[in-house]
A.B. asks: 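Here you go, one structure.
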Amino acid sequence: MASRWFSKGVATIFVLLFLACSYVSFEVENYVKVDVLKIVGNTVIIGHGCMAIVAETSPERARNILLGMEGIIPERPTTHDTIVQILKSFNITLEKVILERFDGNYYYAFGYFRSKNKVLKLDLMPSDGIAIAVRVNAPIYINKTLLEKVGKNIC
């Protein structure tokens, strides 16, 4: 019962937000599309070519990303699986996830959600954005400046 209430509440919030938003711009030249995404233990390796951000996360977050990458939905769905079902039910697509910046403590990411001609830009935890993006095959981008500053050569 509580799960059904939670899902309806989240769905209602998405719908109300879409009613209030308009198109949000995105300048591709400032970003690179992620073509490297690996999970090694609790480490997320995400980048482009030989440059990648290597960041530690919790075991649960790493597992949620890995499940999405492998296309596995456990017997009891994760929150990310539930969000994907809500998006599908309301015909909302995740257009992209962008890793935008790092403040020395936290990484910041945004998800761009579309419903018809409206786009909503939401602040997301990077691990949540990645976990949802891999489930719906949405592209992930990294701010070029961020990748230059904190990226490591992985080749």
Side-chain angles (χ1 to χ4, degrees), residues 10 13-14 17-18 20-74 76-155:
V10 171
I13 290 169
F14 270 116
L17 287 171
F18 274 111
C21 72
S22 60
Y23 186 76
V24 180
S25 67
F26 169 72
E27 297 178 27
V28 176
E29 65 270 4
N30 297 327
Y31 301 88
V32 293
K33 188 174 179 183
V34 166
D35 60 10
V36 175
L37 178 57
K38 296 178 187 175
I39 304 296
V40 180
N42 296 336
T43 304
V44 178
I45 302 166
I46 185 166
H48 179 79
C50 287
M51 292 300 289
I53 295 171
V54 179
E56 293 297 313
T57 190
S58 71
E60 182 180 1
R61 289 181 178 140
R63 178 181 174 270
N64 285 331
I65 294 169
L66 192 57
L67 286 172
M69 290 171 64
E70 294 176 350
I72 297 171
I73 298 176
R76 298 303 304 142
T78 68
T79 302
H80 305 98
D81 298 316
T82 301
I83 290 171
V84 167
Q85 289 304 311
I86 292 168
L87 295 174
K88 286 179 182 177
S89 294
F90 287 95
N91 200 24
I92 299 168
T93 58
L94 174 61
E95 287 194 332
K96 61 187 150 276
V97 170
I98 299 171
L99 278 77
E100 188 64 49
R101 66 186 178 90
F102 180 65
D103 70 3
N105 293 312
Y106 301 105
Y107 285 95
Y108 291 83
F110 296 96
Y112 288 73
F113 297 86
R114 176 179 290 279
S115 178
K116 296 182 183 170
N117 64 344
K118 301 208 183 257
V119 175
L120 175 66
K121 176 182 172 184
L122 290 178
D123 186 5
L124 301 172
M125 289 180 61
S127 57
D128 291 335
I130 294 166
I132 296 167
V134 296
R135 282 168 171 76
V136 299
N137 296 314
I140 303 168
Y141 295 89
I142 300 176
N143 181 303
K144 286 181 182 177
T145 304
L146 171 66
L147 192 57
E148 290 167 4
K149 285 183 180 178
V150 300
K152 295 183 168 92
N153 187 327
I154 59 168
C155 291

A.B. asks: So which heavy atom on Gly41 is nearest to which on Ala62, and how close?
C.D. replies: O-CB, 3.5 Å
A.B. asks: Give, for atom NZ of Lys116 and atom NZ of Lys118, the distance between the pair rounded to the nearest 0.5 Å.
C.D. replies: 10.5 Å
A.B. asks: By side-chain hydrogen bond (donor to acceptor under 3.5 Å, both in side chains), which residues pair with Asp81, not counting sequence neighbours?
C.D. replies: Thr78, Arg135
A.B. asks: For Asp35 and Gly49, which heavy atoms make the closest approach, and how far apart are they?
C.D. replies: OD1-N, 2.9 Å
A.B. asks: For Leu124 and Gly129, work out which heavy atoms get closest and say how close.
C.D. replies: CD1-CA, 3.8 Å
A.B. asks: Any chance you could measure Ile46, atom CD1, to Ile65, atom CD1, to the nearest 0.5 Å?
C.D. replies: 7.5 Å
A.B. asks: Any chance you could lay out the side-chain contact (heavy atoms from CB on, under 4.5 Å) test for Phe113 and Leu122, step after step, and finish with the verdict?
C.D. replies: CA-CA 8 Å; Phe113 297 86; Leu122 290 178; 3.7 Å; yes
A.B. asks: Between Ser115 and Ile92, which heavy-atom pair has the shortest distance, and what is it?
C.D. replies: CB-CG1, 4.1 Å
A.B. asks: Just by distance, with hydrogens left out, do Asp103 and Tyr108 show a side-chain donor and acceptor under 3.5 Å apart?
C.D. replies: yes
A.B. asks: Pair Val97, Ile132 - check side-chain contact (heavy atoms from CB on, under 4.5 Å), show working.
C.D. replies: CA-CA 9 Å; Val97 170; Ile132 296 167; over 6 Å; no
A.B. asks: Is it the case that atom CG in Asp123 sees more than 12 heavy atoms from other parts of the structure closer than 6.0 Å?
C.D. replies: yes
A.B. asks: Decide yes or no on side-chain contact (heavy atoms from CB on, under 4.5 Å) for Leu99 and Asn143, but give the supporting numbers first.
C.D. replies: CA-CA 6 Å; Leu99 278 77; Asn143 181 303; over 6 Å; no
A.B. asks: Could you grab the distance from atom CG of Leu66 to atom CG of Leu37, nearest 0.5 Å is fine?
C.D. replies: 9.5 Å
A.B. asks: With rounding to the nearest 0.5 angstrom, report the CG to CZ distance, Leu120 to Phe110.
C.D. replies: 11.5 Å
A.B. asks: Cut-off 3.5 Å, side chains only: do Glu56 and Asn42 have a donor facing an acceptor?
C.D. replies: no
A.B. asks: CG of Leu94 to CZ of Arg114: how many Å apart, nearest 0.5 Å?
C.D. replies: 12.0 Å
A.B. asks: Are the side chains of Tyr141 and Lys96 in contact, using a 4.5 Å heavy-atom criterion?
C.D. replies: yes
A.B. asks: Atom CD1 in Ile98, atom CD1 in Ile142: separation rounded to 0.5 Å?
C.D. replies: 11.0 Å
A.B. asks: Between Thr93 and Val136, does the side-chain contact (heavy atoms from CB on, under 4.5 Å) criterion hold? Intermediate values first, please.
C.D. replies: CA-CA 8 Å; Thr93 58; Val136 299; over 6 Å; no
A.B. asks: Ignoring hydrogens and angles, state whether a donor on the side chain of Tyr107 or Glu100 is under 3.5 Å from an acceptor on the partner side chain.
C.D. replies: no
A.B. asks: To check you understand the geometry: which heavy-atom pair defines the closest contact between Leu67 and Pro74, and what is its length?
C.D. replies: CD1-CG, 3.9 Å
A.B. asks: Within the supplied structure, the quantity of interest is the number of heavy atoms (other residues, nucleotides, ligands) at a distance under 6.0 Å from Lys144 NZ; does it exceed 12?
C.D. replies: yes
A.B. asks: Measure the shortest side-chain to side-chain distance between His48 and Val34 over non-hydrogen atoms and say whether it is less than 4.5 angstrom.
C.D. replies: no
